[in-house]
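Note sheet for the following structure.
Numbered from 1 within each chain, the chains take letters A, B, ... in sequence-line order.
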Amino acid sequence: MALRLYNTLSGQVEEFAPLEGNRVRIYTCGPTVYDYGHIGNYRTFVFQDVLRRYLRYRGYEVVQVMNVTDVDDKTIRNAKAAGMPLRAYTDQFIQAFKIDRELLNLEPVEHFVRATDHIDDMVQMIQTLEAKGFAYRSEGSVYFRVRAFPDYGKLSKINLAGNRPGGSERVDADEYEKADARDFVLWKAAREGEDFWESPLGPGRPGWHIECSAMSMKYLGVPFDVHSGGTDLIFPHHENEIAQSEAATGKPFARFWLHAEHLIVNGQKMSKSLGNFYTLRDLIGRGYRPTAVRYLLASVPHRKPLNFTFEGLLQAQRSLERLRNFRSRLTMEIFPAGHNPVFETRASQARQALEDALDDNLNTAEALAALFDLVHDGNAAMDRGEFREGERAEVLDVLERWDRIFAMLDDADHAKLLRFGLAAPAGPQGAGEDGGGVLVAALSDEEIEQRIAARNSARARRDFARADQIREELARAGVILEDTKAGTRWKRK
RNA sequence: GGCGCGGUACCCAAGUGGUAAGGGAGAGGUCUGCAAAACCUUUAUGCGGGAGUUCGAUUCUCCCCCGCGCCUCCA
């Protein structure tokens, strides 16, 4: 089966293949760094990560560009309020974003680029648009003339008749300067007290959309394969990108447009303006683990709204725990040699189901189900004593293949949080506010192993009081023990 | 008003023109020194409502109800 993806541009699921050989060129709209990202933002980034990981899994080479918008009204406003230069102000949130990406196991992208490092590229593109008659100047700013681009609206399917100007009650402050209400700004005239760049266009700063056009073309060329972001970017952002890019080059801009539905909280989209948002740090502070957040965000297919609740996050954490327990059991337990003919084909079936699910427009929910089915059958076979050594490697291989895409089986949460100074101190009762995984000041692995050895010698003496005492102490330190036939295994809560 | 997403069990959430995946939670049981983990059994004659097409619809068509998003700050 081939990978099929829903393309907003065509409104249909289409078979995907890159334009040039084995190389997939992707542009993804990144964050505006005026504050910490919230998990609604990260839903989209996790989706993009699953996409690139699956493409790589399928053997493609991926070249992904992610932009950082480090100049706009909000970054300027907040930097000013903080009394910091714009660059220094946005630096801190870029840094925070990079940490969040690492906590969420988002693979590094090939080109992580800042808008303010590409002012010249944008200016050149605007000049091209001017030369071709797609742009005009007004009161020191430069605008794109939408009327000059007949294809305008092909992505968002907006039409003038049904479109209600101001239907969202959003008002464009610059509207009076434009020849047509639909026109959008390419270059904003410098304003008193705001950051600006000198340019042949006059002093000013880039409009919102131009950075993505300029940077995608610079690093990927046109047309490139995939462009993606949240659904709220379809209009006007992506529509405008298409207009200015195709007007400037005369070529198609991007082939596949992929959009992630929103994360919903209490029935509403999570957003900073509504104030109903949680940052990754908020959730960590409440005792949830970054990989549980990744699980939750990845578990719902990207075209469905994802309803965020703390209960859901807790469920995600427990579900992930089940997968980790299974891998741990599969790795540690001793099985009789040979093969079980009944189980022999089970791993390859699971692998096929996993790939079929992801081929189907990245149906992560089904991919998860495929893995859980295998986990269940594997556990059941082990319990019945029917699992054989000959199947171990194959089943592990399926888990590892799954994890190349989902990237959450390894538990590096504690190590990372310690490294980034985000670990919460151990609570007195050793439990998180919501009963989730509490993040504790870690005992080292060696210390834990020593305690376990002490407990096991107590158990050998049948001194269960002592054994339970040690287990209890470890539990308070966030370490859970499990006694198995193959010995005692432990994990961090 | 235009365009789009959704309404499936206590919660999260797949899915198909042929009689409802998976996970979490709950209940009972097995195993265990006790736990934990795991396993077994169990929890939707039902998929927002109505009509239609069909041998058969949760799945197709039409109408309606409800929630959400975008319609120039938004992932």
What is the distance, to the nearest angstrom, from the NZ atom on A/Lys485 to the P atom on B/rA36? 17 Å
Identify which nucleotide among B/rG15, B/rA13, B/rC39 has an atom closest to any side-chain atom of A/Asn307, counting heavy atoms from C-beta outward. B/rA13
Span that lies between the [atom1] atom of [M] and that of [N], in whole angstrom:
{"N": "B/rU41", "M": "B/rC34", "atom1": "C1'", "value": "24 Å"}
{"N": "B/rU19", "M": "B/rA13", "atom1": "P", "value": "25 Å"}
{"N": "B/rU30", "M": "B/rA36", "atom1": "C1'", "value": "15 Å"}
{"N": "B/rU59", "M": "B/rG6", "atom1": "P", "value": "15 Å"}

For the side chain of [X] and the base of [N], is some donor closer than 3.5 Å to an acceptor across the two?
{"X": "A/Asp483", "N": "B/rC31", "answer": "no"}
{"X": "A/Arg384", "N": "B/rC39", "answer": "no"}
{"X": "A/Asp468", "N": "B/rG33", "answer": "yes"}

Identify the nucleotide, in any strand shown, that forms a Watson-Crick or G-U wobble pair with [N], with both distances under 3.5 Å; if there is none, say none.
{"N": "B/rC39", "value": "B/rG29"}
{"N": "B/rC70", "value": "B/rG2"}
{"N": "B/rC62", "value": "B/rG50"}

Considering every strand and a 4.0 Å limit on heavy-atom distances, what is the contact class for A/His376: base, sugar-phosphate, or nothing? sugar-phosphate
Scan nucleotides 24-30 of chain B nucleotide by nucleotide, 5' to 3', and note B when protein non-hydrogen atoms come under 4.0 Å of the base, S if they reach only the sugar-phosphate, - if neither. BS-----
Should the ring pair A/Tyr27 and A/His227 be called parallel, tilted or perpendicular, given that the plane angle runs from 0 to 90° and is split at 30 and 60? tilted
So, is the end of the A/Arg392 side chain (NZ or CZ) under 6.0 Å from the ring centre of A/Phe335 and within 45° of the ring's axis? no
